[in-house]
Number of protein chains: 2
Amino acid sequence: MTQSSKREQLIQAALELFARKGYHAVAVDAISDRAGITKKTLYHHFKSKEELILAALRHYDERFRNDFMRSVESKTGDPIGRLLAVFDIVEEWFNSKNFSGCLFVGAMGEYPEEAAPIRRVCRESKMLTQGYIKSLAEKAGLYESGQLSEQLILLIEGATTMAQVNNSSLCAAQAKAAAKVLIKNSTTLPSKVAKRKL
Amino acid sequence: MTQSSKREQLIQAALELFARKGYHAVAVDAISDRAGITKKTLYHHFKSKEELILAALRHYDERFRNDFMRSVESKTGDPIGRLLAVFDIVEEWFNSKNFSGCLFVGAMGEYPEEAAPIRRVCRESKMLTQGYIKSLAEKAGLYESGQLSEQLILLIEGATTMAQVNNSSLCAAQAKAAAKVLIKNSTTLPSKVAKRKL
DNA sequence: TAAAAAATATACTAATTAGTGTAGTTAGAT
DNA sequence: ATCTAACTACACTAATTAGTATATTTTTTA
C-alpha cells in the first residue's frame, strides 16, 4: 500500500466521522481505528488533529466542488439552465444517504475563533463556489451578475441549513423557485428599477 | 439571591460560552466558573450538561424570538414593511458585538444524530420563527404566502451563514434586495405565472 | 426561631483525550 | 540484496472531562 493511499484513507475516515459526529466529538483514535491504520502512522502524516482536519477539509473542498461543477455542466450547456441546475444538484446532495449539512459550516460553528486556521479553509472553499456561481451568471449575460450570484448563494446556503432543520430536501425546490424569480428579474431589467417600484 | 436567579445566571453564562466557543468545547466547570456558582449547584439545577444545553437553548429561543418580533413591529405597522424590516433587524444582529452565527444551527452541527433532543429544540425554534414570517406574509395579503415565507427564510438563513463566512453584515442587505424582488413577484401575480415565463 | 432547602468549598472518581516512546516488522528504491 | 522510510503493536503520559461525595454555611420559609 502506497504512502499517499494511507494518507487518503485517513482523510476519508476522518471526513466520514466528522460528517456523522462533528469535529470535537471524534477522537483521533476513532479515526485511526476506522481507517484501520495505527495512530502512530496518523501522526506521521499529520502533526496534529487540527492539521488532519485542515487536510480533510481541503481534500473535501476539491473533490466536492469539482463533482459539483461537473454535475451542473452535465445537465445542460445553456447558461441560465446551468444556474438553475445548481439547485437540482443541491437537491441530490440533500437526498444523498450521508447528508448532514455543510462540513464547512459545521467546522466554522465548532471553531468560532476568528483567527482559527480552519475558518480560513472554509472561507476559501465558499469563495471558490461563489466564484463559480458568478461565472455562470456572467456567461448567462445577466444584469448585475455579481449581486445576483450573491443572492443565489444565500438561497443555496439557506436551503442547506433548512434541509437539516426540516430533515427534508424540499427546500431545494423552494430555493429553485425563488432563483427563477431572481433570474427573471435580472434578465429583464437592472435590479434598481425593481427596487424602486416597491 | 433567589433560586431562579442562579438558574438564569448559569444559563446566561452557558449561552455566552457556547456562542464564543461552541458546545463540546465548553466544559461544565467553565460554565460554573463564569457564573460564579459552584458546579454542585449547577448539577442541582440541571441533571446533566445536555439538560443545561437544552434549557439554555429554550431560554434563548424565547428571549431572542420575542426581541426579534418586537423589533420588527417597532419599525412599522405596514405588513410589507415589516417583512422587509425583518432584514434590517437581521442586519443589526449580524453587527452586534458577540454575533457568532445562529446558536441553533451551531447546535445541530455539533449534535448531528437525528434523534438528539437538542435537535428537537432547534427545530421547534426555527418553526416558530418560520410561523412568524408566514403570519407577516399573510397579513400583507400576498399570493402564496406560505411559499414566499419559506423562500424568505432561506434568504435569512443563508445570510446568517454568509455573514459568518464573510465576517460581514453586507449580505443582510443583499438578502433584503432579493426579498424585495420575491415580494414584488408575490404582489403582482401568482408565482406559477412567473415560473412559466422562464 | 427552628427546620428545610439551597449553596459553598473542595476533593474525588473514572473515563476519555491528544499526543509520545519503544521496539520490532514490512515494503519500496537503488 | 540491502538500506531506508513507512508501518504496526502497544503501552504510556499528562491533561481534561462529566459527574459525585462530604462536610459546612447561608438563605428561605413556615
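Letters A, B, ... are given to chains in the order of the sequence lines, protein chains preceding strands, and every chain is numbered from 1.
- Atom-to-atom, CG of D29(B) to P of dA11(C) comes out at 14 Å; the value is rounded to the nearest Å.
- If you check the side chains of Q12(A) and E8(A), you find no donor sitting under 3.5 Å from an acceptor.
- K21(A) has its NZ atom 12 Å from the P atom of dT16(C), to the nearest Å.
- When the nucleotides dA18(C), dA18(D), dT8(D) are ranked by their closest atom to the side chain of T41(A), dT8(D) comes out on top.
- Remark: P of dT16(D) and NE2 of H24(B) are 18 Å apart, rounded to the nearest angstrom.
- Looking at the side chain of I37(B), the nearest of the listed nucleotides dT8(D), dA18(D), dT8(C) is dT8(C).
- Residue-to-nucleotide proximity on DNA chain C shows that, of Y43(A) and K40(B), the 5′-proximal contact is made by K40(B).
- Set against dT8(D), dT8(C), dG19(D), the side chain of K6(A) has dT8(D) as its closest nucleotide.
- For Q9(B) and dA7(C), the CD to P distance is 10 Å, given to the nearest whole Å.
- Distance from the side chain of T38(B) is smallest for dA9(C) among the nucleotides dA9(C), dG19(D), dC7(D).
- Between the side chains of E157(A) and T161(A), no donor-acceptor pair of N or O atoms lies under 3.5 Å.
- When V86(B), I89(B), D88(B) are each tested for a side-chain contact (heavy atoms from CB on, under 4.5 Å) with S71(B), only one passes: I89(B).
- Residue K39(B) places a side-chain atom within donor-acceptor reach of the base of dG19(D), judged by atom type and a 3.5 Å distance cut-off alone.
- Summarising the geometry, the separation between CG on D33(B) and P on dT10(C) is reported as 12 Å, rounded to the nearest angstrom.
- Rounded to whole Å, atom C1' of dA18(C) lies 16 Å from atom CZ of F46(A).
- Checked against dG21(C), dA7(C), dT17(C), the side chain of H44(B) finds its nearest nucleotide in dA7(C).
- The NZ atom of K47(A) sits 10 Å away from the P atom of dG19(C) (whole-angstrom rounding).
- A172(B) and E91(B) make their closest contact through CB-CB, 3.5 Å (heavy atoms, listed as atom of the first residue, atom of the second, distance).
- Atom CZ in R7(A) sits about 11 Å away from atom P in dC7(D), given to the nearest Å.
- Using a cutoff of 4.0 Å between basic side-chain nitrogens and carboxylate oxygens, D61(A) and R58(A) are not scored as salt-bridged.
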